Amino acid sequence: MLLTQGLACLRGDRLLFKNVEFELNAGGLLYVLGENGSGKSSLLRMLCGLMLPESGTVFWNKKPIKEESESYLSNLTYIGHLNGLKDDLTALENLTMSARAAGNEVTEDKALAALAAIGIERCANLPARVLSQGQKRRVTLAKLWLSEGKLWILDEPFAALDIASVSILAAKLGEHLSSGGMAILTTHQDVAIHAQSTQTLRLSE
Amino acid sequence: MLLTQGLACLRGDRLLFKNVEFELNAGGLLYVLGENGSGKSSLLRMLCGLMLPESGTVFWNKKPIKEESESYLSNLTYIGHLNGLKDDLTALENLTMSARAAGNEVTEDKALAALAAIGIERCANLPARVLSQGQKRRVTLAKLWLSEGKLWILDEPFAALDIASVSILAAKLGEHLSSGGMAILTTHQDVAIHAQSTQTLRLSE
Amino acid sequence: MQWASWSAFFNMGGYAFYVWFSFGLTALCVAWEVISLRKRSKAALRLSKILAQG
Amino acid sequence: MNGAWMTVLKRDLLLAFRRRSDVATTLFFFLIVSSLFPLGIGPEPTVLSSIAPGVLWVAALLAGMLSLTRLFAADFADGSLEQMLLAPQPLTLLVTAKVLAHWLVCGLPVVLLAPLIGLQYALPNDALFVLIISLLLGTPALSLIGAIGAALTLGVRGSGLLVALLVLPLYIPVLIFGAGAVAASQHGMSAQAHLSLLAACSLLALVLAPLATAAALRISVE
Amino acid sequence: MNGAWMTVLKRDLLLAFRRRSDVATTLFFFLIVSSLFPLGIGPEPTVLSSIAPGVLWVAALLAGMLSLTRLFAADFADGSLEQMLLAPQPLTLLVTAKVLAHWLVCGLPVVLLAPLIGLQYALPNDALFVLIISLLLGTPALSLIGAIGAALTLGVRGSGLLVALLVLPLYIPVLIFGAGAVAASQHGMSAQAHLSLLAACSLLALVLAPLATAAALRISVE
Amino acid sequence: MSINWFKYSSPQTFYPLAGKMIPWFVWLATIFAIAGLYISFAVAPTDFQQGEAYRIIFVHVPAAWMSMVIYIVMAGWAALGLALNARLSAMMAQALAPTGAIFTLLALVTGSLWGKPMWGAWWVWDARLTSELILLFLYLGFIALQASIDDPRRADRAGALLALVGVVNVPIIYFSVKWWNTLHQGSSINMGAAPKMAATMLMGMLLMALAFWMYTVAVALMRVRCIMLERERSSDWVKELSVTAGGKL
Ligand code: HEM
Ligand SMILES: Nc1ncnc2c1ncn2[C@@H]1O[C@H](COP(=O)(O)OP(=O)(O)OP(=O)(O)O)[C@@H](O)[C@H]1O
Ligand SMILES: Nc1ncnc2c1ncn2[C@@H]1O[C@H](COP(=O)(O)OP(=O)(O)OP(=O)(O)O)[C@@H](O)[C@H]1O
Ligand SMILES: [Mg+2]
Ligand SMILES: [Mg+2]
């Protein structure tokens with residue numbers, strides 16, 4: 001359902017990669033691997049449409065994402081390096097409001113359940129500013145439990161997580177894939193995720 | 001010559017370490033080790049006098065560094081996480097000016113020789129902004145070849161360096177120590193440095 | 001011809017300062033722009049030459 | 001659709017409430033700047049009241065502009081802006097919610113404070129009234145146009161004064177009509193024409209500025 | 001000693017030269033702000049020339065203050081500030097070098113541009129002359145006092161307007177004497193007294209401000 | 001139809017093409033300027049009201065014209081660049097801006113130099129003068145914005161957007177300034193009152209304007225070449241060029 005043709009990325013005056021092509025269907029998982037600075041995050045941002053490719057196109061259901069923007073975006077859940085949390089809002093407020101701002105009408109109960117699922121219901125009413133790095137990351141990832149989108153694009157989701165949370169997240173990913181979802185991940189860690197079809201894309205300089 | 005008594009460090013409301021004590025004499029090398037966030041950089045900054053300790057004192061030649069500030073600082077060369085390079089100055093300008101601003105009157109030739117010693121004379125006339133991470137680090141480290149100070153305090157000097165530069169720097173450190181200098185390092189890498197006496201200080205949570 | 005003599009021409013009916021300043025400044029701007037562009041182009045070529053050879 | 005819009009508005013208002021001191025800073029800036037002039041110019045009431053419309057409007061304009069640097073900066077730094085761009089709702093719409101929140105928090109208080117300062121400048125009552133109306137009609141345009149500048153200078157170095165350079169020239173029509181309205185009423189003329197033009201400026205800005213801001217945000221996030 | 005001082009000065013000047021556009025922004029801000037007032041107040045030359053001293057001084061003050069946010073920010077972010085603190089030379093001395101560089105780059109051009117704007121405000125020749133002298137004597141105080149604010153707000157969020165709050169009240173004496181000098185000469189009186197007071201302000205600031213700035217820097221770097 | 005525009009819009013092919021075009025425009029500019037200067041100083045008669053000072057018109061008016069034309073052309077290139085994501089268009093917009101700013105400045109300065117002997121004041125807050133001043137600010141904003149963004153592609157697009165916003169605003173600014181002036185009080189000076197222009201004067205102004213125009217094209221091409229060299233610094237064609245041109249450096 002997600003298809004790319006001849007993607008190339010220019011940063012400054014350096015060509016990070018060119019001719020990146022893959023096809024991702026329902027239930028498929030794609031790993032994007034490479035060293036620091038090889039362009040993984042740039043690729044994911046391109047797939048989301050946040051960055052314009054130097055050349056090439058990204059297709060969703062056979063149409064360029066530019067033309068299909070609304071249906072594509074309502075199917076997309078992206079979590080980048082940045083958490084997108086407001087220091088002055090509580091974990092719960094952060095989660096509810098960011099879901100609602102993305103057009104996903106969630107109740108407080110649902111949001112609380114999502115926080116519980118990833119094991120931080122305890123912090124629900126603490127302002128994000130006092131949370132530790134890993135806890136912040138988990139509040140952000142709780143969004144996945146509320147997501148109704150088919151395509152998940154996650155930039156180093158396991159970074160800063162402790163072992164227990166990593167396996168919770170891996171299980172959630174497996175569940176998403178087995179129910180016909182798609183996922184694209186970058187990671188520097190080795191995590192087992194259960195998927196029907198797994199592809200690997202390696203970026204190198 | 002450098003002596004600490006009962007150093008403690010409080011960050012936010014967390015006590016990072018307490019009761020850190022050591023003595024470092026001519027020719028001595030001190031490794032400061034510990035996980036990320038255990039307080040290594042904070043300790044080094046305390047030793048320089050950039051941060052006030054929560055309790056305890058740092059002595060230079062038996063006097064608290066506060067009282068001996070001028071003689072201490074003119075013997076000290078500190079290189080932290082940050083490179084202190086100006087993007088818009090060339091590598092050579094950066095090196096010369098930062099040495100001169102520290103009261104060390106160097107000629108351009110000397111500075112060029114320092115750059116050559118660490119293998120980046122080629123980049124001497126490029127603005128720092130176009131240098132790669134490792135090249136930037138090397139321009140900063142070139143200061144050691146110009147330094148006349150006895151005490152070197154280096155925060156992760158080997159980070160971002162390639163193998164060749166690591167051994168050049170290790171050799172320089174060995175030379176400094178054998179001529180009666182002192183050095184305090186943090187590092188996550190295993191590098192062999194030739195020293196008369198080596199101590200290790202491990203910070204843990 | 002308008003001008004009785006060269007000095008009349010340069011005097012511009014008493015408005016020499018204003019007229020010649022205007023025209024002179026214009027010429028100066030033009031010259032400065034052209035020269036600075038040539039310099040800039042040379043500097044760019046020199047830098048990429050360093051990059052090419054280094 | 002509406003839900004997302006309301007959420008963005010509510011979130012920004014909530015954040016402003018939790019950060020009350022930031023909001024107060026804008027007001028103080030307005031107060032201090034407009035109090036500097038009597039110090040620089042002298043206490044003569046007739047002079048002061050004749051320059052009051054211009055000075056108050058310029059102070060409002062500077063306060064609004066300087067508070068604008070913050071409009072998207074925090075969202076940009078913490079990643080919320082990316083998420084806003086990826087929402088299925090049109091970005092233009094969400095931008096209006098953010099600008100409305102900014103206006104409610106920074107524009108409206110300035111409007112309410114202005115008559116107080118107007119009194120210090122010995123403005124007569126009906127001019128004070130026109131001052132409030134003109135600020136009410138004009139400050140939305142300031143927020144809307146300023147948003148373009150704020151979006152364009154996201155992540156740019158030394159952005160503090162750059163916003164000023166981009167935005168102040170675009171503010172000039174608003175300044176002219178706004179100060180003109182007050183001056184007209186001071187001279188016993190009708191402020192009607194100026195006020196209508198001011199409203200027209202705001203309407204035009206309401207139509208065009210969110211589009212431009214959204215485009216600028218997309219460019220900045222890249 | 002002298003060498004380090006000269007080097008800091010030279011480096012900052014060189015950097016300013018390489019970043020000309022940043023410097024230019026300050027000047028343009030000054031220009032734009034002082035052009036806004038006629039637009040708000042009206043083109044009448046007599047009114048304009050009577051408010052010119054105050055307006056020009058306030059604009060200079062705002063431009064100086066807003067450009068100050070940058071004074072230590074880059075050094076703080078890239079680590080040069082740490083190195084400056086570790087230099088064996090007294091920090092107070094190095095601070096004066098940085099402030100001098102800032103004044104040469106942001107203050108002096110404003111002083112030189114001011115008469116041009118004074119012409120736009122129909123100031124007579126001798127008032128223009130006093131304007132230049134007063135700015136020459138007064139702007140160093142602005143830079144010196146502003147440096148304290150810039151050092152205090154390093155690494156504090158939303159610092160843009162916070163600096164304003166800290167610094168503007170301290171600027172008031174300078175504003176009063178500066179604008180007063182020009183106004184006095186406009187009214188045919190001697191500007192001597194005002195100018196002496198202005199010079200006294202600058203001298204006092206020269207003695208005290210570097211000490212305070214150095215202390216503030218030590219606190220911020222921790 | 002047969003021309004492949006995309007070929008010429010790549011910097012690598014446009015660079016030498018521009019290099020060949022520059023001398024032509026320089027020559028044209030020189031010829032027009034000589035003719036224009038000849039008319040302005042030798043042919044045009046003395047004005048019975050303003051004396052010789054009126055000869056400033058031969059730089060003032062063409063400079064004022066160019067300042068406006070260049071802004072529009074610049075915005076046009078910017079819009080094209082934004083719409084087609086064409087790098088060359090954005091570079092052209094960037095290359096035009098400084099020249100536009102210079103002409104604006106020249107119009108202001110020569111206007112002042114004219115105003116002093118004619119009105120007795122260097123400056124009045126007249127609608128036309130004020131809007132020319134604001135135009136200068138718009139140019140400067142564009143230049144400053146582009147100068148402070150490091151990523152050139154982003155700088156292009158941000159600058160283009162600003163230029164477009166400015167173009168929408170220019171008429172609004174112009175009319176508001178006009179209104180402002182007329183509503184407050186009648187300005188005592190009216191520039192429209194200049195004497196009916198003789199055909200020779202018009203001719204002189206037109207020639208000078210043409211000279212400025214050709215000069216603008218030549219300078220913009222020169223600047224666009226510099227921008228290409230700087231941006232594609234690490235590409236093969238620039239490296240090759242720099243090495244072959246090395247002897248001349
Ligand atoms: C700083 C002062 C001045 C500025 C900024 C300025 C600006 C301009 C501008 C923008 C134009 C072009 C307008 C158009 O073609 O529609 C123009 C044209 C002109 N200016 Fe000025 N001007 C200034 C001073 C003067 C003075 C002092 C005079 C004469 C006393 C003057 C006489 C003219 C004339 C005759 C034209 C041509 C009008 C036309 O083509 O319709 N200007 N000026
Ligand atoms: N605005 C920019 N201008 C120039 N170069 C840039 C810019 N942004 C990023 N880069 C460079 O692009 C490269 C790719 O960055 P990217 O973030 O995509 O890497 P990554 O593979 O995700 O690395 P990591 O594993 O560290 O997350 C880096 O080398 C970076 O320096
Ligand atoms: N201003 C501050 N307020 C509160 N906590 C802080 C502050 N600055 C640092 N810390 C905390 O102090 C701890 C020690 O930081 P420090 O930089 O000394 O660690 P480190 O051992 O050098 O780590 P690394 O190996 O990553 O360099 C960290 O956990 C950090 O979160
Ligand atoms: Mg990454
Ligand atoms: Mg550390």
Side-chain angles (χ1 to χ4, degrees), chain A residues 9-11 41-42 44-54 65-66 68-90 93-107 127-129 136-137 140 143 147-149 151-153 155, chain D residues 1-23 70-101 105 151 154-155 157 211 214-222:
Chain A
C9 173
L10 188 77
R11 250 2 205 343
S41 303
S42 309
L44 297 198
R45 294 171 69 81
M46 250 174 214
L47 295 179
C48 295
L50 285 175
M51 236 179 94
L52 291 183
E54 182 64 16
I65 55 169
K66 277 231 141 176
E68 276 294 278
S69 161
E70 193 168 335
S71 99
Y72 181 58
L73 290 180
S74 57
N75 267 306
L76 172 70
T77 302
Y78 166 74
I79 293 179
H81 275 303
L82 295 171
N83 287 320
L85 298 182
K86 295 283 165 196
D87 275 354
D88 292 313
L89 298 182
T90 66
E93 284 168 347
N94 263 305
L95 182 60
T96 346
M97 291 204 165
S98 74
R100 287 193 193 149
N104 186 356
E105 281 302 331
V106 296
T107 59
R129 124 179 63 88
K136 280 186 190 165
R137 196 72 187 152
T140 311
K143 209 162 46 167
S147 152
E148 293 159 355
L151 176 64
W152 291 1
I153 297 187
D155 203 348
Chain D
M1 183 95 126
N2 219 354
W5 192 86
M6 276 305 293
T7 307
V8 171
L9 177 64
K10 258 200 241 161
R11 185 183 55 183
D12 274 26
L13 290 179
L14 188 60
L15 280 171
F17 178 73
R18 300 252 163 101
R19 277 230 176 293
R20 272 154 295 189
S21 67
D22 272 13
V23 176
R70 282 202 316 271
L71 184 54
F72 300 109
D75 285 2
F76 179 71
D78 69 19
S80 324
L81 191 61
E82 282 177 4
Q83 294 295 340
M84 223 167 80
L85 260 70
L86 292 179
Q89 283 72 34
L91 185 58
T92 16
L93 216 69
L94 300 184
V95 164
T96 56
K98 277 194 78 76
V99 174
L100 177 58
V105 162
L154 271 184
R157 60 183 146 60
L211 287 173
L217 285 177
R218 279 188 212 285
I219 293 168
S220 295
V221 157
E222 214 174 72

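Note: hydrogens, waters and symmetry copies are ignored here, and every other heavy atom, side chains too, is used. Throughout, a chain's letter reflects where its sequence line sits, starting with A, and its residues are numbered from 1. As the structure is a computational prediction, the values presented were derived from the model and not from experiment.
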With rounding to the nearest 0.5 Å, note down the distance linking CZ in Phe17(D) to CG in Asp88(A).
12.0 Å
Can you sort out the partners of Asn83(A) under side-chain hydrogen bond (donor to acceptor under 3.5 Å, both in side chains), two or more places apart, ordered by chain and number?
Arg137(A), Thr140(A)
Provide the closest heavy-atom pair for Ala102(A) versus Pro88(D) in the form atom of the first, atom of the second, distance.
O-CD, 3.2 Å
For Arg45(A), which atoms come within 4.5 Å of any heavy atom of chain D: side chain, backbone, both, or neither?
side chain
Find out whether Leu14(D) and Lys86(A) are in side-chain contact, i.e. whether some heavy atom of one side chain is under 4.5 Å from a heavy atom of the other.
no
Return the option, out of Leu15(D), Leu86(D), Val221(D), Val8(D), with the maximum number of heavy-atom pairs under 4.5 Å with chain A.
Leu86(D)
Which region of Ala74(D), side chain (C-beta onward) or backbone (N, CA, C, O), has a non-hydrogen atom less than 4.5 Å from a non-hydrogen atom of chain A, or is it both or neither?
both
Point-to-point distance, once rounded to the nearest 0.5 Å, from CD1 of Ile219(D) to CG of Leu52(A):
9.5 Å
Is Leu73(A) close to Gln89(D) at the side-chain level, that is, under 4.5 Å between some pair of heavy atoms?
no
Honestly, the part of Leu76(A) sitting under 4.5 Å from a heavy atom of chain D is side chain
Distance check, rounded to the nearest 0.5 Å: Gln83(D) atom CD versus Leu82(A) atom CG?
9.5 Å
With sequence neighbours excluded, residues passing ring-ring contact (aromatic ring centres under 6.0 Å, His included) with Tyr72(A)
Trp60(A)
Ala4(D) and Gly103(A) have their tightest heavy-atom pair at CB-N, 4.3 Å
Interatomic distance, CZ@Arg11(D) vs CG@Asn94(A), rounded to 0.5 Å, equals 8.0 Å
Which bit of Glu105(A) comes within less than 4.5 Å of chain D, counting heavy atoms only: side chain, backbone, both or neither?
side chain
When the 4.5 angstrom heavy-atom criterion is applied to Arg18(D) and chain A, the contacting part is side chain
